[in-house]
Student: 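Have a look at this one before I ask anything.
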Amino acid sequence: MFDFVRKGVSKLNDILNSPLNETAYNLKWLELELSDWINSKERKMQIKGFEYYNDKQAILEYKREAIGRDGKLEEVKNLPNKKIIDNQYKRLVNQKVNHLVGKPFTVDTDNKEYSEILNTYFNKKFFKLLKTVTKDSNNGGIGYLYPYYCNNGDLKFKVFKPFEVKVYWKDDDHTEVDFFWRYYRKSVRYTGGSVGYVDHLELYTEDGIRYFIYKNGILLYDKLKGETTHSYIKYTNSLGSEVVEEQYLNFDKIPLIPFKISDYEEPLLKRVKSLQDGINTITTVFTNNMLEDARNTIIILMNYDGENLGDFRKNLSTYGAVKVRNTNEEKGGVDTLQIEVNAENYKTILEIFKKAIIQNGGGVDVTELRASGTPNQMNIQSMYYDIELDTNDTETEFQMAIEQLVWFIDFDINLRKGKNFFDEKVDIIFNRDMLQDETGIIDNLIKLKGTISDEDIIKQLPFGNAEKLIENMKKQKEEQRKEIEIDYSNTFTNDPDLDQDGDE
């Protein structure tokens, strides 16, 4: 039953001579491509997306500067330099992730057996993995799930980070993978006790996986993992404890499932980086200005030339006092020049930036909802307009990704159970997480009773598990039907004016 996917392990010479792999296995070409990709702007932006999410932002390099003797800016180290991160970008990513996949999606198919089997794959562990890959798609523009078989023969899914993967597509619309590589760095401890790093490259094609070590711009075969082609599946046919046959199989598709944030595959940070940097800068500058006290504001000395200004500032900072003297000609003294910090100016600019980052990033500003008291559904929909618009694009891409993922599940079902569900229709319904006017929704659904089925009404309820609610409704109706039948039967059985045939 596996003839359509059984390919076995190809010989190295056959791979090298294959038209499909002639380019993929040209090591010199691969080395040049890898070098260009490692230093590419696209990959650097993906890495920066993850860094900004984890609070490693440009503001950490902020310096207090002043014009020096030569007229150029120089760092001033004796002034307060707090570096404040107000991570609105992370908040934005979390909003978008939880809005789409914060709740488990619903599997809708007419085949009950198929639905039950699919739900064993779509368990809590899978939905946690789905949230991770959704976060990756926002930070990197695209996220990846890699289906594979573990040592015990179970189908698993693993997350590949966007900045680790380079995909070569068969088409310009990026809908079908030709081949791809995964590049990652792994720490190793040498025999002497020192720790070093080894760069690994894994090349995935229709024939299997090839493993390389990348060192000083040169690719070397990873001898620890073998120089021959590795297939994706090691299938063991056992009879009790005895192994009857071992076979190496390949999927009929490249095992990589891309989850795109949009068809442009553009990281979210690219749209809002300047705004996030602006928020951090405004907050940092305001904090530093507020921290400047009389000891580090501008000092004005009158009739004082006892020591140089550097020593004077040091002594002032240390003791908080300074001696002055009067002469016959002039009166000495100390004064300060203070610049008043207008907090309202900072507050106004900060509010502008925060609103802009929500609008440009496609988020939702719930502070307006809180201020409006008890909002109705129209108010809520208006507030969620931007995030809904963005999520529509992401859901379209995710629907395609889930469709590809279901194919690998169908493959596993066929492999392990011998059941063919490849042609079975299944719909995935994403249950978006958003504030709702539940009372208004329920009132409208009640008005639809009699126009649409009870099952369709239950599916639209803003709470509870729809499938469980439908099942409980059917049980309740069945019990009510039985009670009516019993009452009807007892009514005629207990009537003394009727004989056993029901005649008077």
Side-chain angles (χ1 to χ4, degrees), residues 5-40 43 46-47 136 142-170 177-191 195-236 246-258 408:
V5 293
R6 185 175 290 139
K7 294 183 179 180
V9 180
S10 302
K11 294 180 180 179
L12 182 59
N13 289 335
D14 294 335
I15 294 173
L16 291 171
N17 295 327
S18 169
L20 176 63
N21 296 283
E22 187 177 29
T23 302
Y25 288 109
N26 184 321
L27 294 189
K28 187 60 180 176
W29 175 86
L30 202 57
E31 289 167 357
L32 294 172
E33 287 285 296
L34 180 60
S35 177
D36 288 345
W37 171 77
I38 288 174
N39 301 299
S40 65
R43 181 170 181 266
Q46 289 178 332
I47 294 174
D136 288 354
I142 186 170
Y144 300 100
L145 279 184
Y146 169 66
Y148 70 101
Y149 280 88
C150 58
N151 293 333
N152 63 4
D154 291 336
L155 178 67
K156 301 285 185 181
F157 295 95
K158 182 178 181 179
V159 172
F160 282 173
K161 294 299 180 184
F163 52 83
E164 294 180 343
V165 176
K166 167 66 176 177
V167 178
Y168 289 83
W169 304 90
K170 287 185 178 180
V177 178
D178 190 4
F179 64 93
F180 73 95
W181 72 54
R182 180 186 177 219
Y183 168 83
Y184 60 96
R185 176 169 289 179
K186 195 173 182 181
S187 62
V188 293
R189 185 174 293 278
Y190 298 108
T191 53
V195 177
Y197 296 93
V198 177
D199 293 340
H200 295 266
L201 183 77
E202 298 172 353
L203 186 62
Y204 295 77
T205 70
E206 289 183 353
D207 294 294
I209 315 170
R210 298 292 297 275
Y211 300 94
F212 301 91
I213 299 294
Y214 187 61
K215 188 174 182 180
N216 298 326
I218 298 175
L219 285 171
L220 306 170
Y221 289 111
D222 189 347
K223 294 183 179 180
L224 293 177
K225 294 186 178 180
E227 295 186 6
T228 56
T229 302
H230 289 237
S231 292
Y232 294 107
I233 310 166
K234 181 182 179 182
Y235 176 72
T236 304
E246 284 188 350
Q247 293 177 313
Y248 291 91
L249 309 175
N250 280 336
F251 294 110
D252 205 29
K253 296 181 178 180
I254 298 293
L256 187 72
I257 305 165
F408 288 97

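Nothing here was measured: the structure is a model prediction, and the numbers come from that model.
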Student: Measure the OH-CZ distance between Tyr149 and Phe408 for me, rounded to the nearest 0.5 Å.
Tutor: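 One gets 10.0 Å once the value is rounded to the nearest 0.5 Å.
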Student: Could you tell me which residues satisfy side-chain contact (heavy atoms from CB on, under 4.5 Å) with Ile218, sequence neighbours excluded, listed by chain and number?
Tutor: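 Listed in chain order: Glu31, Leu220.
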Student: Test of understanding: with side-chain contact (heavy atoms from CB on, under 4.5 Å), list the residues that count as partners of Ile38, not counting sequence neighbours.
Tutor: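 For Ile38 the side-chain contact (heavy atoms from CB on, under 4.5 Å) partners, ignoring immediate neighbours, are Leu34, Arg43, Tyr183, Tyr214.
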Student: Residues two or more places apart in sequence or in another chain: which of them pass side chain to side chain donor-acceptor pair (under 3.5 Å) with Tyr146?
Tutor: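 Per chain and number, Tyr146 pairs via side chain to side chain donor-acceptor pair (under 3.5 Å) with no residue.
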Student: For Trp169, enumerate each residue passing the side chain to side chain donor-acceptor pair (under 3.5 Å) test, keeping only those at least two apart in sequence or located in another chain.
Tutor: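 In terms of side chain to side chain donor-acceptor pair (under 3.5 Å), with neighbours along the sequence ignored, Trp169 is linked to His174.
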Student: Please round to the nearest 0.5 Å and tell me the distance separating atom CD1 of Ile254 and atom CZ of Phe179.
Tutor: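 These two atoms lie 9.5 Å from each other.
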Student: To the nearest 0.5 Å, what is the distance between CZ on Phe160 and CD1 on Ile142?
Tutor: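 Result: 13.5 Å between the selected atoms.
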Student: Measuring centre to centre across the rings, with the benzene-like ring taken for any Trp, is Phe212 within less than 6.0 Å of Tyr221?
Tutor: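 Phe212 vs Tyr221: aromatic centres under 6.0 Å.
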Student: Can you confirm whether Val198 sits close enough to Ile213 that some side-chain heavy atom of one is under 4.5 Å from a side-chain heavy atom of the other?
Tutor: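 Yes. Closest side-chain heavy atoms under 4.5 Å.
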Student: Pro162 and Gly143: which non-hydrogen atoms are nearest, and at how many Å?
Tutor: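 Smallest heavy-atom distance, with atoms named: CG-CA, 4.4 Å.
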Student: Taking salt bridge (Lys or Arg N to Asp or Glu O under 4.0 Å) as the test, write out the residues that go with Asp36, two or more places apart.
Tutor: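 Asp36: no salt bridge (Lys or Arg N to Asp or Glu O under 4.0 Å) contacts found.
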Student: Are any of the side-chain heavy atoms of Leu256 and Leu145 separated by less than 4.5 Å?
Tutor: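 They are not in contact (no side-chain heavy atoms under 4.5 Å apart), so the answer is no.
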Student: Residues in ring-ring contact (aromatic ring centres under 6.0 Å, His included) with Phe180, at least two apart?
Tutor: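 Tyr204.
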Student: If I take atom CH2 from residue Trp37 and atom CG from residue Leu30, how far apart are they, to the nearest 0.5 angstrom?
Tutor: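 CG of Leu30 is found 11.5 Å from CH2 of Trp37.
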Student: To the nearest 0.5 Å, what is the distance between CG on Asp222 and CZ on Arg210?
Tutor: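 So the gap between those two atoms works out to 11.5 Å.
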Student: If every non-hydrogen atom of Asn39 is compared with every non-hydrogen atom of Ser35, which pair is closest and at what distance?
Tutor: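 That would be ND2-O, 3.1 Å.
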Student: Please name all residues satisfying side chain to side chain donor-acceptor pair (under 3.5 Å) with Tyr168, sequence neighbours left out, ordered by chain then number.
Tutor: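 Partners of Tyr168 under the side chain to side chain donor-acceptor pair (under 3.5 Å) test: Glu33.
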Student: Which atom names give the shortest non-hydrogen contact between Pro147 and Phe157, and what distance separates them?
Tutor: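 That closest heavy-atom pairing would be CB-CE2, 3.7 Å.
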Student: Taking side chain to side chain donor-acceptor pair (under 3.5 Å) as the test, write out the residues that go with Glu164, two or more places apart.
Tutor: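 Result, side chain to side chain donor-acceptor pair (under 3.5 Å) vs Glu164: Arg182.
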Student: What is the distance from atom CD1 of Ile209 to atom CD of Glu202, rounded to the nearest 0.5 Å?
Tutor: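 Between Ile209 CD1 and Glu202 CD, I get 6.5 Å after rounding to 0.5 Å.
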Student: Take Leu201 and Tyr211 through the side chain to side chain contact (heavy atoms under 4.5 Å, CB included) test and state the conclusion after the steps.
Tutor: CA-CA 6 Å; Leu201 183 77; Tyr211 300 94; over 6 Å; no
Student: Decide yes or no for His200 and Lys186: does some side-chain heavy atom of the first lie under 4.5 Å from some side-chain heavy atom of the second?
Tutor: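 Sidechains of Lys186 and His200: in contact.
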Student: Would a distance-only check, ignoring hydrogens and angles, find a side-chain to backbone donor-acceptor pair under 3.5 Å from Asn250 to Asp207?
Tutor: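 Yes, Asn250 side chain to Asp207 backbone: donor-acceptor pair under 3.5 Å.
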Student: Under 4.0 Å between a Lys/Arg side-chain N and an Asp/Glu carboxylate O for Lys170 and Asp178?
Tutor: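 No, this pair does not count.
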Student: Would you please indicate yes or no on a ring centroid separation below 6.0 angstrom for Tyr148 and Tyr232?
Tutor: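 No, too far apart.
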Student: Crowded around Asn216 CG? As in, over 12 foreign heavy atoms under 6.0 Å?
Tutor: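 No - once you tally the heavy atoms of other residues, nucleotides and ligands closer than 6.0 Å, there are 12 at most.
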Student: Which residue pairs pass the salt bridge (Lys or Arg N to Asp or Glu O under 4.0 Å) test with at least one member in residues 153-163, sequence neighbours excluded?
Tutor: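 Residue pairs with at least one partner in residues 153-163: Asp136-Lys161, Asp154-Arg416.
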